[in-house]
Amino acid sequence: MPTSPRTFPTLSIVDHPLVRHKITLLRDRATPTKQFKELVDEIAMLMAYEATRDLALESVPVDTPLETTHGWSVRGKKLTLVPILRAGLGMVEGILRLMPSARVGHIGLYRDHDTLEPVDYYFKVPGDVSERDFLLLDPMLATGGSAAAAVSSLKRAGATRIRFLCLVAAPEGVERLAREHPDVPILTAALDRELNEHGYILPGLGDAGDRLFGTR
Ligand code: URA
């Protein structure tokens, strides 16, 4: 079950032995790109399981080989995954394995190395935005600048139900995202200590995008 630290009411930490184990492997500088990618994929899938715990269901009839009974179907199936490019891409496949009918939008933001503020260069989501549930994906919640900007872009497009999923969060990022968007629940696998002067999370895992795509 996720836990919510008292200081961050919008934050839930997915605290599960498998998630802790896999996050530790992810942090290890010796973990090669192939394994890093697989771990991000697996952790994202485990987190999506928690993030969708309250999805609405409808009762449906089902014919077993022996008789007709009733079962359950996820109502609406209007889930949309929105990875923040590029590291968020690493979380998509694992979640799609659980929810193959989810749509996938994309938000392109990069962090200006001097100001550390996000610069917007791409935005594409499905058309019926107001009817959809959005899972916004980025493995690292660092300053919170990109996450807050991505949520603002989704809201400008008409989104009202947005959750943010990350693997590692810094308190600074959680605080900023919660301040700018108190209506957006944040799910993380780990809440780390702090940011360094370059905007990296400590102890963190380094640059998630570089480690996912082997561009170190
Ligand atoms: N982005 C990363 O990939 N890593 C960090 O530590 C912070 C932001």
Side-chain angles (χ1 to χ4, degrees), residues 5 8 10-11 13-14 19-20 22-48 81-95 106-123 135-154 162-181 184 186-216:
F8 298 122
T10 59
L11 178 70
I13 300 173
V14 179
V19 172
R20 281 199 196 184
K22 289 174 191 292
I23 283 284
T24 303
L25 294 171
L26 208 57
R27 291 188 192 280
D28 189 338
R29 63 186 305 159
T31 298
T33 298
K34 179 175 179 293
Q35 191 189 0
F36 190 91
K37 223 172 169 147
E38 290 164 358
L39 288 163
V40 169
D41 181 84
E42 290 163 4
I43 299 166
M45 185 169 71
L46 292 167
M47 293 188 65
L81 314 183
V82 183
I84 299 178
L85 302 177
R86 74 186 156 137
L89 289 173
M91 299 172 71
V92 171
E93 287 306 317
I95 301 178
H106 294 90
I107 295 183
L109 292 164
Y110 67 88
R111 217 159 44 131
D112 185 289
H113 275 294
D114 298 323
T115 64
L116 300 183
E117 286 302 309
V119 180
D120 193 335
Y121 68 89
Y122 189 77
F123 182 86
L135 297 183
L136 185 59
L137 312 174
D138 195 340
M140 309 301 280
L141 178 57
T143 63
S146 299
V151 171
S152 296
S153 299
L154 281 175
I162 305 167
R163 284 157 216 224
F164 183 82
L165 262 68
C166 59
L167 305 189
V168 180
E172 294 90 331
V174 175
E175 199 275 328
R176 176 165 176 181
L177 184 55
R179 178 165 28 87
E180 294 190 23
H181 299 288
V184 172
I186 304 168
L187 258 87
T188 188
L191 178 62
D192 276 11
R193 192 177 71 245
E194 60 184 351
L195 292 180
N196 72 9
E197 67 277 20
H198 304 294
Y200 280 89
I201 299 175
L202 297 175
L205 48 75
D207 187 304
D210 280 349
R211 295 196 64 189
L212 268 168
F213 297 108
T215 48
R216 239 181 313 174

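Whatever order the structure lists ligands and atoms in, that order sets their numbers, starting from 1. Every heavy atom of this structure was used, including side-chain atoms; hydrogens, water molecules and symmetry mates were not. Numbering of residues begins at 1 and proceeds along the displayed sequence.
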Give the atom numbers and elements of ligand 1 that come within less than 4.0 Å of a heavy atom of [X].
X: Ala142; result: 7 (C), 8 (C)
X: Ile201; result: 5 (C), 6 (O), 7 (C)
X: Gly206; result: 2 (C), 3 (O), 4 (N), 5 (C), 6 (O)
X: Ala208; result: 2 (C), 3 (O)

Checklist line | Lys/Arg N to Asp/Glu carboxylate O, Glu172 vs Arg176, below 4.0 Å | finding: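 Judged by the 4.0 Å cut-off on N to carboxylate O distance, Glu172 and Arg176 do not form a salt bridge.
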
Item checked: Beyond-backbone contact of Leu85 with Tyr121, side-chain heavy atoms, under 4.5 angstrom ->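 Result yes, sub-4.5 Å side-chain heavy-atom pair found.
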
Checklist line | Sub-4.0 Å heavy-atom contact, Gly199 with ligand 1 | finding: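 Yes, Gly199 has heavy atoms under 4.0 Å from ligand 1.
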
Note to self: To the closest 0.5 Å, what do you measure between CZ (Arg27) and NZ (Lys22)?
What the structure shows: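 Arg27 atom CZ to Lys22 atom NZ measures 15.5 Å (nearest 0.5 Å).
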
Next item on the list: Give, for atom CZ of Arg20 and atom CD1 of Ile13, the distance between the pair rounded to the nearest 0.5 Å.
Entry: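 So the CZ of Arg20 and the CD1 of Ile13 are separated by 9.5 Å.
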
Check: Do you know which two heavy atoms are closest between Thr33 and Arg211, and how far apart they sit?
Finding: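 In this case the closest contact between Thr33 and Arg211 is CG2-O, 3.4 Å.
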
